[in-house]
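Note that the structure is a prediction, hence the values are computed from the model and not measured.
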Amino acid sequence: MNMYKRIIVAVSAALFTLLALLAAIITDLYDREFPQAIGSDSRLTISFKESSFSISEAFLKLEELDTRLKLGLVKVAPDLAKEGDGKIFAMLNDGTLPDAFTWFNGNDTGQIVGKDQLANSYPDGLYLVTGSTDRLGELEDTLRDAGVDVSRRDASILDSLVFVVQEKGFTTVILASLVLISSLALFWLSVRARGRALRVLGGSPTKRILMQDLTAFGGALFISAGTVAIVAAGYVGVFHGWMYVSVFLKVLISLQVIVIAISLFVAFIMSASTWPSAVMLATRQPTVKSLRSMAILIQALTFVLVVATVTPAWSAYQHSSAKAAEMAQWKRLADQVSIVFATDNDEMDHMEAMIGNMVKDAESIQSVALSYTFTKEMWPSVDFGEYSAVSFVNQRWLDLVTLGEKQPIVAPISHHNISEDLVHEVQEQINILSREDHPTNLLEQLIFLHPVKESQLPVAQGGGGGSLYFGDDVLFAVVPSLYETFNDSTLTSMISSNNIVFTGVTATQHLLERHSLDAQALRNRGIKGELEVVYIAEEGILHAQFAAYLVWLQFLSLLVLAVAFSVATAIRALITATLQAKRDFPLRLAGQSWMRILQSRVIKELLVGIILVMIVVALQKPDAIGILLVTTAYGLLLVLLSHLFAVQWCFHGVSKRRI
C-alpha cells in the first residue's frame, strides 16, 4: 500500500506545482498594487478637483495629516527627470524607506525620493500607505469633510485570487485540477477495493471504512502539498526575496487547502457511489467492478479535455512570440505619453481649439504621433481586399515603431492598386473628420504603405484605449499633417482615446502650459477639470506580461490533463483486465497473442476516441489540425499500451494466485 501512496504523492505533485505557479502569478499581481518592499498595505486615490484647496494648500494638508497619523504616505508620480516609462515614489515626510526597491518579478526598480520632487506635480493621484493604517479612516473623513474625493483599497490576497480565477485563461487550470483530482480518487479507490470488500464482509462499520480510506488518501495529498510548498517557498525566497515568502505561502496554502478539500469530497462521493453490493460479494465478483462506469466516464472526459485544450495551448505558444514582439514595441514607446481628460464634455468642448493649436505646435517639433486603425469589424460593409485593417498614421508613428530596423519593412503602394470600396471609405472618413476648409485633393496627399513580406508593425486600434494591433496585412494611410488633416474635435477625440500620443512627460507638460491647458490656467478660466499626462507603455507591458503568464499556465494545465488522462486510462485498463481475467487467462494459455486477445476492447475504445475527436473538431473548428492529430495519436497509443500492460499484469497475477 505504501507504493500506491508514493504514486499518489508523485502524481499530485504535478497538480500542486501548477498551483505554485498560479500562486507566484497572484503574488506578482498583488505586489504590483501593494509593493511589499516598502511595506504598503493600503492605497488611496485622491482628487482635490471639487475642493477649495490650492495646489500648495493641498500638499500642506496631506503632509500635516501624514505626520499626525503616521501613515507614511508615498505619492506615485511620473519621473520628470528622465525620458522613459519610469515612476518615482515621493515621500510626503521624512521616513525610513530605502532609496530604491524592486518588485516580485525583479525586472524594474522603484526610486524613493523626497517631497521636493513634487514641486511641479499636482496633489491629485495615487498614494501608497507604507506606515500604520490604524488611523487611516481619520484621513478619509477629514478630507471628505473638506470636499476632497478619496477612494481606498486595502491589500487583500483574496481579491487578487478572485481576480485571477475569474480570468478566462484560468478556466483550463481549474478544469485540469478537478480532473486530476478525480483521477487520483479513482486510482485510490481501485487499489483499496479488495481491502474494503473484505472489511465489509468482516462487519466493519461503514463510517470507519470511509474514514480510513479518506484519511489515508488525504495524508498522501498533504505530504505532496507540503513538499511542494517547502520547495517553492525556498525558490521564491532565494530568487525573489524572503519578504515575499509570507504572501506566496498564504496564496499557495489557500489554493492547496481548497484543492485537498475538493479531493476528499470527490473521493467520498465516488466511494459512496461505488460501495460493494451484497450480490457482488456473494457471487465473488471482482471488487473493482463497481468502479468500471466511473473509470469510463473519467477517461472519456479527460480525453475530450486534452483534445479540446491542445489547440488553444498551441495557438497561445505560437502567439507568445507575438506577445514578445508586442512587449518590445511597448518598450520602444516607453517615452510616449497620453493626455487623460479629467473633465466633463462641456469643458472639453471649450478646450478643443486650444488642443488643436497644441497639436500643431507639437508637430512643429516632431513630438506627436498618430495611429488610428479601422478594422473589418468596424467597417463590416467595406471590401478590404487583401488587407485586414487600414490605419491612419503620421510619419512620427512609423519612425517610432520601426526604430532600429536595418531594412525597410514598409513599401509604398498606389491607391489605384487598392480596393475601390476601401479607397472610397477612406475618402468618406477624411471628409467627415477633416476641417471645413480642407483641400479638395486631400486624398491625393495621403501616402499609402503596406508591410513587406512577413513584417508586422503595431498600430493603435481606433478608440481602443491604447491597445496595439499587430498584423502583416495592415494598410497604412500616412497623413501629411495632423492639424491640417483633422479638425479640432477629431484631434481632441483621438487624444482622449490614446490614438494620438506625445513624446516625453516634461515636454508635454510644457506644451500644456504654453497653450494654457495646465491645471492652474484652466482653473483661472473657471474649468474645474484638468489634463493629466501619463505614460502609455506601462499598462501595455503589464498586459503583455500577463498574457505570457497565461501561456505558461495553459501549457502546464495541458500537462496536468495529460497526466490525468494517463492515470484514468491505466485504471480503466486494469479494471477491464481484472474483469476479463477469467476469459483472457485460458486464451493466452491456448497460445493466442496478446493483440488477438485485446482486439475487440481496443478497437471499441479507438472508435469511441475517434468519434469524440470528430465532435470536438466540429464544435471547435481548430486551425492547428496537425497538433490535434499528434495528440489524438498519443491518446490512442496510450490506450493500446495500457491495455497491453494491464492484461499481462493480470495474467501474471492469476498465475501466482494473487488475483
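Remark: Leu637 CG to Leu641 CG distance equals 4.5 Å, nearest 0.5 Å. Note that CG of Leu184 is 4.5 Å distant from CG of Leu180, once rounded to the nearest 0.5 Å. Distance CZ/Phe101 to CE/Met243: 10.5 Å, rounded to 0.5 Å. From Leu638, atom CG reaches atom OG1 of Thr569 across 5.0 Å, with rounding to the nearest 0.5 Å. How far CZ of Arg572 is from CG of Leu297: 11.0 Å, rounded to the nearest 0.5 Å. To the nearest 0.5 angstrom, Glu377 atom CD is 9.0 Å from Gln461 atom CD.
Pairing each heavy atom of Leu264 with each of Leu214, the nearest pair is CD2-O, 3.6 Å. The two residues Ala220 and Ile8 have their closest heavy-atom pair at CB-CG2, 3.9 Å. Closest approach of Thr302 and Ala568 over heavy atoms only: OG1-CB, 4.2 Å. In terms of heavy-atom proximity, Phe104 sits nearest to Ala24 at CE2-O, 3.6 Å. When every heavy atom of Phe34 is checked against every heavy atom of Asp41, the shortest pair comes out as CD2-C, 3.9 Å. Here the closest non-hydrogen pair linking Thr373 and Ala460 is OG1-O, 2.8 Å.
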Could you walk me through whether Phe585 and Ser655 pass the side chain to side chain contact (heavy atoms under 4.5 Å, CB included) test, one step at a time? CA-CA 9 Å; Phe585 188 79; Ser655 301; 3.4 Å; yes
Show, in sequence, the C-alpha distance, side-chain angles and deciding distance for Ile269 and Phe265, and conclude whether the side chain to side chain contact (heavy atoms under 4.5 Å, CB included) test is met. CA-CA 6 Å; Ile269 296 298; Phe265 177 74; 3.9 Å; yes
Tell me, with the steps shown, if Ile262 and Ile181 meet side chain to side chain contact (heavy atoms under 4.5 Å, CB included). CA-CA 8 Å; Ile262 295 175; Ile181 286 170; 4.3 Å; yes
Stepwise side chain to side chain contact (heavy atoms under 4.5 Å, CB included) check, Val602 with Leu606: CA-CA 6 Å; Val602 170; Leu606 293 183; 3.9 Å; yes
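Trp103 has its side chain out of reach of Gln36: every pair of non-hydrogen atoms, C-beta onward, lies at least 4.5 Å apart. Within the 4.5 Å cutoff, no side-chain heavy atoms of Leu457 are placed close to those of Val474. The shortest side-chain heavy-atom distance between Leu598 and Val647 falls under the 4.5 Å cut-off. In this structure, the side chains of Arg583 and Ile597 come closer than 4.5 Å at one or more pairs of heavy atoms. Counting heavy atoms from C-beta outward, Pro451 and Asp473 have side chains that stay 4.5 Å or more apart.
Checked against the 6.0 Å centroid criterion, the rings of Tyr244 and Phe248 do not qualify as a close aromatic pair.
Checked by atom type, the side-chain pair His643/Glu605 shows a donor-acceptor distance below 3.5 Å. Under the 3.5 Å distance criterion, with hydrogens and angles disregarded, no donor-acceptor pair is assigned to the side chains of Thr375 and Tyr387.
Judged by distance alone, with hydrogens and angles left aside, the side-chain atoms of Thr102 form no donor-acceptor pair with the main-chain N or O of Thr109 at under 3.5 Å. A side-chain donor-acceptor contact under 3.5 Å links Arg43 to the backbone of Glu33. With hydrogens and angles disregarded, a donor-acceptor distance shorter than 3.5 Å links the side chain of Ser12 to the backbone of Val9.
With respect to the salt-bridge test (charged N to carboxylate O, under 4.0 angstrom), the residues Asp584 and Arg601 qualify.
Residue Phe222 places its CZ atom among 12 or fewer non-hydrogen atoms of other residues, nucleotides or ligands, all under 6.0 Å distant.
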